[in-house]
Amino acid sequence: MNYARFLTATSQARRSSPIRVLTDLLATAPKSVISLAAGSPNPNLFPFKTAVITTENGKIIQFDGEIMKKALQYSQSSGIPELLSWLKQLQIKLHNPPTLHYPPSQGQMDICVTTGSQDGLCKVFEMIINRGDNILLNEPIYSGTLAALQPLGCNIINVSSDEHGIIPESLKEILSQWKPEDSKDPKKNTPKFLYTVPNGNNPTGNSLASSRKKEIYELARKYDFLIIEDDPYYFLQFSKPWAPSFLSMDIDGRVIRADSFSKILSAGLRIGFITGPKPLIERIVLHTQVSTLHTSTFTQLIVSQLLHQWGEEGFLAHIDRVTDYYRRQKDALLVAADKWLTGLAEWHAPTAGMFVWIKIKGIHDAKKLIEEKAIKKEILMVPGSAFYVDKSAPSPYFRASFSLASPEQMDIAFQRLAELIRESL
Ligand code: PMP
C-alpha cells in the first residue's frame, strides 16, 4: 500500500515532538536513570493522594500513593503500555487481523488510545481529507461524523443502503465512473475512503451483512480506497456469533477501525481506540502529540486496572450482561411500537446498538412533528434530517433510543406519539 497518497500535506508534515519522545523514553527507562529532561511537574505537590473505586461486583480498584502519582502525570501519546497491550490481545482474539505480523511500513496492525472514538475519528478525517476530495458513506449516518466531515470540504458521495447495510451494487455503480488505475492519478480524484458503522448503525440500528462486507472489501482493493469501520456498537450485537469485522479480512492493511468503551464501560471516562496500519496510526499519534498530548492517564489507568482484574473472560461476561439489558430494552420498545404505532409507522427490528429508526406513514417531513409538537407532549426523539448531509431535506423518519427509558415510559411515549400522528394526518 502507498499510504502517502492518502495523507494531507498537514499530516505528512507532522514530526515527533522532542519532549514527547522523551516521555516515551522515560516511561521505559531503568530506575537508575536520573532525568533532568522532562518538563513533568512534581506529583508530590498535587493535592490528590489516593483513590478507591468500587466496581459492581463489590471489588475495588485501588490507587495507592505510587499509582496515584502515575495517574496524575503525563504519559505516552499513543496510550499507556498496560492498556495498549490488553487492547492488542483483545483485537487479536476478536479480529485476528491478517496484518499482525506484516513489516511496519507495509501496514502492520497497530493501536492507539484516543479520547473517545470521536477524537480518533476526527483525527483520521483530518489526516486524510483535502478540500474537494471524494469520500463514500451510507446515509443516514451518525451526525457526529457528518459534523466532523462537512467543515473539511470533502465531497460526500452517498452509497445506497437497506436494512442489511450498504448495497454493494450501489457502490459498484458509483465506482464505475472511474477505472481501477485512476487511483494512481490524483487528478482523477478517486474516493479516498468508505466510512461506515457496520453494527447497529446510528441511527438505523441496522448491521452490514457479512457477505456484503467481503464484496465491499474487494471493491476497496480494486479501486484502492481505505475503509473506516466505526464500530462502537460491536459489543452490543443482539445475536452471536459476532459479525466478522472489516479488520478481520484486511489482507492489505487498508482498514482503520474505531472502537469505543463508551457504551460498555463509561462514556464520560472518554476511552476509545483506533486499530489500523502502523503508518497511519503513527500519524494519529503525531496529531495527539500536539493536541491533547495524550488521553487522561487517570482514566486510562482506571480502565486498565479493571480490564486486568477482569481478564478477557470477565470482560466478555460483562459485555453479555450489558447486551442482555439492551436486548430486553429493544424488545420492550418494539412491543410498545407494535401496540401503538402499527398502521401509523414502519420500522425494522435493530440487530445491535441502542436505536430504532422509525418512518411515519403519510407524512413528507417529520421534523416539525418531532421537533416542536412532540416536545409539547413531553416526548423527545431526534428527527431523521439530523442524519443526512443535507439537513434541510425532508425526512419522514425519526430515531428513538431505548437505552434509558423504562418499558412503561416507552409505552407512554408511543401512546402520546400515536395521538400526535393521528392529530397531524
Ligand atoms: N461513532 C458512532 C457511530 C457513535 O454513535 C458515537 C457515539 N454516539 C461515536 C462514534 C462516538 O463515541 P465516543 O463516545 O467513543 O467518542
Side-chain angles (χ1 to χ4, degrees), residues 79 83 87 90-91 111-126 135-150 156 158-159 161 165-166 193-208 227-238 243 245-247 255-276 284 287-288 291-292 294-296 299-300 302-303 307 319 322-323 326 329-330 350-357 380-382 384 386-389 397-404:
L83 180 57
L87 297 177
L90 182 73
Q91 296 304 61
I111 302 185
C112 66
V113 174
T114 54
T115 305
S117 59
Q118 182 76 27
D119 169 48
L121 288 165
C122 204
K123 285 173 174 151
V124 167
F125 299 147
E126 290 187 19
I135 64 121
L136 303 154
L137 54 72
N138 56 306
E139 287 180 301
I141 202 80
Y142 171 49
S143 53
T145 289
L146 292 175
L149 285 175
Q150 287 186 295
I156 300 175
N158 178 41
V159 188
S161 53
I166 291 171
F193 64 76
L194 167 76
Y195 165 93
T196 195
V197 180
N199 292 294
N201 182 22
N202 177 0
T204 62
N206 295 334
S207 298
L208 178 55
I227 294 176
I228 301 177
E229 153 168 85
D230 178 14
D231 211 356
Y233 305 102
Y234 176 79
F235 295 113
L236 300 186
Q237 295 182 61
F238 298 132
S245 62
F246 278 115
L247 183 66
V255 173
I256 302 173
R257 179 179 168 81
D259 279 283
S260 173
F261 281 155
S262 289
K263 323 293 171 186
I264 47 171
L265 297 185
S266 154
L269 289 181
R270 307 304 300 131
I271 303 284
F273 48 107
I274 303 284
T275 310
I284 300 168
H287 192 165
T288 303
S291 58
T292 50
H294 58 80
T295 296
S296 161
T299 61
Q300 286 190 71
I302 294 173
V303 168
L307 294 174
I319 302 297
V322 174
T323 309
Y326 283 111
Q329 290 285 100
K330 178 253 311 173
T351 45
M354 40 178 76
F355 307 110
V356 183
W357 184 235
L380 290 183
M381 286 140 329
V382 187
F387 305 96
Y388 289 89
V389 172
Y397 286 89
F398 69 92
R399 187 192 79 179
S401 165
F402 46 83
S403 60
L404 291 176

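All ligand and atom numbering here is 1-based and tracks the order in the structure. The chain is numbered in sequence order, starting from 1.
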Engineer: Could you say whether the N/O atoms of Y195 and ligand 1 ever approach to under 3.5 Å?
Structural biologist: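 No: no nitrogen or oxygen of Y195 is under 3.5 Å from one in ligand 1.
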Engineer: Please list the nearest protein heavy atom to atom 3 (C) of ligand 1 with its residue and the distance rounded to 0.1 Å.
Structural biologist: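 Minimum-distance protein heavy atom for atom 3 (C) of ligand 1 reads D230 OD2, 3.4 Å.
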Engineer: Quick one: look up the protein heavy atom nearest atom 12 (O) of ligand 1 and list residue, atom name and how far away it is.
Structural biologist: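 Residue, atom and distance for the closest contact: S117 OG, 3.3 Å.
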Engineer: For the rings on F398 and W357, is their centre-to-centre separation under 6.0 Å?
Structural biologist: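 Between W357 and F398, which both carry aromatic rings, the centre distance is not below 6.0 Å.
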Engineer: Give the numbers and elements of all ligand 1 atoms closer than 4.0 Å to a heavy atom of G116.
Structural biologist: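 Going through ligand 1 atom by atom, the ones under 4.0 Å from G116 are 15 (O), 16 (O).
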Engineer: If you count the atoms of ligand 1 from 1 in the order shown, which ones are under 4.0 Å from a heavy atom of R270?
Structural biologist: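 Reading through ligand 1 atom by atom, the close ones are 13 (P), 14 (O), 16 (O).
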Engineer: Less than 4.5 Å apart, any side-chain heavy atom of L149 and any of I156?
Structural biologist: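 Yes; the side chains approach each other to less than 4.5 Å.
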Engineer: Using the rule given for ring pair (Phe, Tyr, Trp, His ring centres under 6.0 Å), can you reason through F273 versus F261, listing the C-alpha separation, both sets of side-chain angles and the distance that settles it, and then say yes or no?
Structural biologist: CA-CA 8 Å; F273 48 107; F261 281 155; 5.3 Å; yes
Engineer: What's the shortest distance from atom 14 (O) of ligand 1 to any protein heavy atom, and which residue and atom give it?
Structural biologist: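 Protein heavy atom with the smallest distance to atom 14 (O) of ligand 1: S262 OG, 2.5 Å.
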Engineer: Closer than 4.0 angstrom: is that true for some heavy atom of P232 and an atom of ligand 1?
Structural biologist: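 A heavy atom of P232 does come that close to ligand 1.
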Engineer: Between S260 and ligand 1, is there a nitrogen or oxygen pair with a distance under 3.5 Å?
Structural biologist: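 Yes; at least one N/O pair falls below 3.5 Å.
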Engineer: For atom 7 (C) of ligand 1, what's the nearest protein heavy atom and its distance?
Structural biologist: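 Its nearest protein heavy-atom neighbour is K263 NZ, 2.9 Å.
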Engineer: Return the closest protein heavy atom for atom 5 (O) of ligand 1 as residue, atom name and distance.
Structural biologist: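 Result: Y233 OH, 2.6 Å.
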Engineer: Can a donor-acceptor pair be found, under 3.5 Å and without considering hydrogens, that links the side chain of Q300 to the backbone of G79?
Structural biologist: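 Here the side-chain-to-backbone pair does not exist.
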Engineer: Is a side-chain N or O of E126 found less than 3.5 angstrom from the main chain of K123, in a donor-acceptor match?
Structural biologist: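 Answer holds: no.
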Engineer: Between Y234 and E229, does any side-chain donor sit less than 3.5 Å from a side-chain acceptor?
Structural biologist: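 E229 and Y234 do not have a side-chain donor-acceptor pair below 3.5 Å.
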Engineer: Between T292 and T115, is there a donor-acceptor pair closer than 3.5 Å when you use the side chain of the first and the backbone of the second?
Structural biologist: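 The answer is no, because no donor-acceptor pair under 3.5 Å joins these two groups.
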